[in-house]
Amino acid sequence: MNIIHTEAASAPAGHYSQAVSHGDTLYISGQLPVSPQGRHNLEASFAEQAQLALANLLAILKAAGGSPQDLVKVTVYVAGVQHWPQFDRIYAAALGEHRPARAVVPVPELHHGYLVEIEAVARYLA
(Lines give C-alpha, C1' and ligand atoms only; values in the text may rest on other atoms or scores of the structure.)
Protein backbone atom coordinates (compact mmCIF):
# COMPACT_ATOMS: atom_id res chain seq x y z
CA MET A 1 0.00 0.00 0.00
CA ASN A 2 1.05 3.56 -0.70
CA ILE A 3 -0.30 6.59 1.18
CA ILE A 4 -0.98 9.62 -1.05
CA HIS A 5 -0.84 13.13 0.38
CA THR A 6 -0.77 16.55 -1.25
CA GLU A 7 -0.86 20.05 0.15
CA ALA A 8 -2.95 21.02 -2.91
CA ALA A 9 -6.01 19.54 -1.15
CA SER A 10 -7.38 19.85 2.36
CA ALA A 11 -5.52 17.85 4.99
CA PRO A 12 -7.31 14.95 6.68
CA ALA A 13 -9.14 16.11 9.80
CA GLY A 14 -9.31 12.64 11.31
CA HIS A 15 -7.63 9.25 11.36
CA TYR A 16 -7.49 8.64 7.59
CA SER A 17 -5.39 9.40 4.50
CA GLN A 18 -6.33 11.59 1.55
CA ALA A 19 -5.87 8.49 -0.59
CA VAL A 20 -4.39 5.01 -0.49
CA SER A 21 -3.21 2.94 -3.42
CA HIS A 22 -3.25 -0.84 -3.44
CA GLY A 23 -2.07 -2.64 -6.53
CA ASP A 24 -3.45 -0.78 -9.52
CA THR A 25 -6.29 0.88 -7.60
CA LEU A 26 -6.42 4.26 -5.89
CA TYR A 27 -9.00 4.89 -3.16
CA ILE A 28 -9.65 8.60 -2.54
CA SER A 29 -11.26 9.48 0.80
CA GLY A 30 -14.38 11.61 0.95
CA GLN A 31 -13.55 15.23 0.18
CA LEU A 32 -15.46 18.07 1.78
CA PRO A 33 -15.37 21.69 0.56
CA VAL A 34 -12.46 22.65 2.81
CA SER A 35 -9.74 24.74 1.17
CA PRO A 36 -6.19 23.37 1.00
CA GLN A 37 -5.29 25.97 3.66
CA GLY A 38 -7.89 24.44 6.00
CA ARG A 39 -10.52 27.17 5.62
CA HIS A 40 -14.05 25.90 6.06
CA ASN A 41 -16.51 27.18 3.48
CA LEU A 42 -19.85 26.62 5.16
CA GLU A 43 -21.33 29.88 3.89
CA ALA A 44 -20.42 29.14 0.25
CA SER A 45 -23.16 28.30 -2.22
CA PHE A 46 -23.75 24.69 -3.21
CA ALA A 47 -21.96 25.30 -6.54
CA GLU A 48 -18.89 26.73 -4.79
CA GLN A 49 -18.85 23.85 -2.30
CA ALA A 50 -19.16 21.27 -5.09
CA GLN A 51 -16.37 22.88 -7.12
CA LEU A 52 -14.04 22.96 -4.10
CA ALA A 53 -14.73 19.36 -3.04
CA LEU A 54 -14.20 18.22 -6.64
CA ALA A 55 -10.99 20.30 -6.89
CA ASN A 56 -9.68 18.59 -3.75
CA LEU A 57 -10.45 15.17 -5.20
CA LEU A 58 -8.79 15.99 -8.53
CA ALA A 59 -5.72 17.45 -6.78
CA ILE A 60 -5.27 14.20 -4.86
CA LEU A 61 -5.74 12.21 -8.06
CA LYS A 62 -3.09 14.37 -9.77
CA ALA A 63 -0.68 13.93 -6.83
CA ALA A 64 -1.01 10.18 -7.34
CA GLY A 65 -0.02 10.61 -10.99
CA GLY A 66 -3.55 10.34 -12.34
CA SER A 67 -6.00 12.42 -14.32
CA PRO A 68 -9.80 12.61 -14.42
CA GLN A 69 -9.75 9.90 -17.12
CA ASP A 70 -8.42 7.47 -14.49
CA LEU A 71 -11.57 7.77 -12.36
CA VAL A 72 -13.44 4.45 -12.28
CA LYS A 73 -16.16 5.05 -9.65
CA VAL A 74 -17.30 8.24 -7.92
CA THR A 75 -19.69 8.46 -4.99
CA VAL A 76 -21.25 11.83 -4.20
CA TYR A 77 -23.19 12.62 -1.05
CA VAL A 78 -25.44 15.68 -1.32
CA ALA A 79 -27.42 17.22 1.52
CA GLY A 80 -30.77 17.23 -0.24
CA VAL A 81 -31.80 15.75 -3.57
CA GLN A 82 -32.49 19.26 -4.93
CA HIS A 83 -28.71 19.70 -5.39
CA TRP A 84 -28.38 16.70 -7.74
CA PRO A 85 -29.00 18.55 -11.06
CA GLN A 86 -26.59 21.37 -10.21
CA PHE A 87 -23.93 18.88 -9.14
CA ASP A 88 -24.39 16.97 -12.38
CA ARG A 89 -23.65 20.12 -14.42
CA ILE A 90 -20.52 20.98 -12.38
CA TYR A 91 -19.28 17.39 -12.55
CA ALA A 92 -19.86 17.12 -16.31
CA ALA A 93 -17.98 20.39 -16.89
CA ALA A 94 -15.01 19.10 -14.87
CA LEU A 95 -14.86 15.60 -16.41
CA GLY A 96 -15.86 16.37 -19.99
CA GLU A 97 -16.53 13.26 -22.04
CA HIS A 98 -15.18 10.85 -19.39
CA ARG A 99 -18.06 9.11 -17.61
CA PRO A 100 -16.95 6.89 -14.73
CA ALA A 101 -19.48 4.84 -12.80
CA ARG A 102 -21.18 7.10 -10.26
CA ALA A 103 -23.68 7.19 -7.44
CA VAL A 104 -25.27 10.34 -6.05
CA VAL A 105 -26.63 9.73 -2.58
CA PRO A 106 -29.01 12.30 -1.10
CA VAL A 107 -28.50 12.50 2.66
CA PRO A 108 -30.22 14.60 5.33
CA GLU A 109 -26.95 16.20 6.48
CA LEU A 110 -23.17 16.02 6.24
CA HIS A 111 -20.37 16.73 8.73
CA HIS A 112 -20.11 20.39 9.82
CA GLY A 113 -23.26 21.20 7.82
CA TYR A 114 -21.59 20.94 4.41
CA LEU A 115 -23.76 20.34 1.34
CA VAL A 116 -21.52 17.89 -0.57
CA GLU A 117 -18.85 15.22 -0.07
CA ILE A 118 -17.15 13.27 -2.87
CA GLU A 119 -15.10 10.05 -2.78
CA ALA A 120 -13.68 8.02 -5.64
CA VAL A 121 -11.90 4.92 -6.87
CA ALA A 122 -9.41 5.36 -9.70
CA ARG A 123 -6.91 3.42 -11.75
CA TYR A 124 -3.42 3.76 -10.27
CA LEU A 125 -0.47 3.45 -12.63
CA ALA A 126 2.40 4.97 -10.63
Side-chain angles (χ1 to χ4, degrees):
M1 285 194 318
N2 186 28
I3 304 300
I4 307 298
H5 178 80
T6 179
E7 292 185 13
S10 62
H15 190 72
Y16 63 93
S17 299
Q18 287 175 326
V20 176
S21 68
H22 183 267
D24 62 356
T25 305
L26 179 68
Y27 302 90
I28 303 173
S29 294
Q31 297 300 303
L32 292 166
V34 178
S35 72
Q37 299 78 25
R39 187 178 73 250
H40 290 265
N41 296 282
L42 290 167
E43 302 304 319
S45 68
F46 176 80
E48 292 168 317
Q49 288 191 31
Q51 289 166 343
L52 183 52
L54 190 54
N56 282 336
L57 186 135
L58 294 175
I60 294 165
L61 181 60
K62 182 179 179 182
S67 72
Q69 288 68 37
D70 293 309
L71 289 169
V72 174
K73 171 75 168 75
V74 177
T75 305
V76 183
Y77 303 93
V78 294
V81 72
Q82 72 273 14
H83 297 298
W84 189 326
Q86 188 173 25
F87 179 80
D88 199 48
R89 288 189 296 276
I90 292 164
Y91 181 80
L95 270 61
E97 294 300 313
H98 182 58
R99 293 174 179 247
R102 186 184 82 180
V104 177
V105 183
V107 296
E109 64 181 314
L110 290 166
H111 196 58
H112 299 298
Y114 281 116
L115 301 175
V116 63
E117 182 172 356
I118 310 168
E119 67 178 355
V121 177
R123 175 176 56 175
Y124 182 71
L125 301 175

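If you're wondering where the values come from, they're calculated on a predicted model, not measured in any experiment.
- No continuous path of hydrophobic side-chain contacts links Val78 to Leu52 [ILVMFWY only; heavy atoms under 4.5 Å].
- In Glu109, the CD atom is not crowded: 12 or fewer heavy atoms of neighbouring residues, nucleotides or ligands sit closer than 6.0 Å.
- The CD atom of Gln69 sits 13.5 Å away from the CZ atom of Arg99 when rounded to the nearest 0.5 Å.
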Distance-only donor-acceptor pairs under 3.5 Å for side chains of residues 119-126, two or more places apart:
unit_1 : atom_1 : unit_2 : atom_2 : d
Glu119 : OE2    : Tyr77  : OH     : 3.1
Arg123 : NE     : Asp70  : OD1    : 2.9
Arg123 : NH2    : Asp70  : OD1    : 2.5
Tyr124 : OH     : Asn2   : ND2    : 3.0

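- Side-chain N or O atoms of Gln18 include one that pairs as donor or acceptor with a backbone N or O of Ser10 at under 3.5 Å.
- Tyr16 and Pro12 make their closest contact through O-CB, 3.3 Å (heavy atoms, listed as atom of the first residue, atom of the second, distance).
- The two residues Ile90 and Ala50 make their nearest non-hydrogen contact at CD1-CB, 4.0 Å.
- Residue Ala79 comes nearest to Leu110 through the heavy atom pair N-CD1, 4.3 Å, listed as atom of the first residue, atom of the second, then distance.
- Using a 4.5 Å cut-off on side-chain heavy atoms (C-beta onward), Asn41 and Glu48 make no contact.
- Other residues, nucleotides and ligands contribute over 12 non-hydrogen atoms within 6.0 Å of the CD atom of Gln82.
- Residues forming a side-chain contact (heavy atoms from CB on, under 4.5 Å) with Pro100 (at least two apart in sequence, or on another chain): Leu71, Val74, Tyr91, Leu95, His98.
- Thr6 places no side-chain N or O within donor-acceptor distance of the main-chain N or O of Ala9, the cut-off being under 3.5 Å.
- Val105 and Trp84 are members of different hydrophobic clusters when ILVMFWY side chains are connected at heavy-atom separations under 4.5 Å.
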Without placing hydrogens or testing angles, list every side-chain donor-acceptor pair under 3.5 Å for residues 26-34, not counting sequence neighbours.
unit_1 : atom_1 : unit_2 : atom_2 : d
Ser29  : OG     : Ser17  : O      : 2.6
Gln31  : NE2    : Ser29  : O      : 3.0

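- Looking only at side-chain heavy atoms (C-beta outward), Asn56 and Pro36 come within less than 4.5 Å of each other.
- If you take CD on Gln51 and CZ on Phe46, they are separated by 10.0 Å, rounding to the nearest 0.5 Å.
- Within the model, atoms CZ of Phe87 and CG of Leu115 stand 12.5 Å from one another, a figure rounded to the nearest 0.5 Å.
- Below 30°, between 30° and 60°, or above 60°: for His112 and His40 the angle between ring planes is above 60°, a perpendicular geometry.
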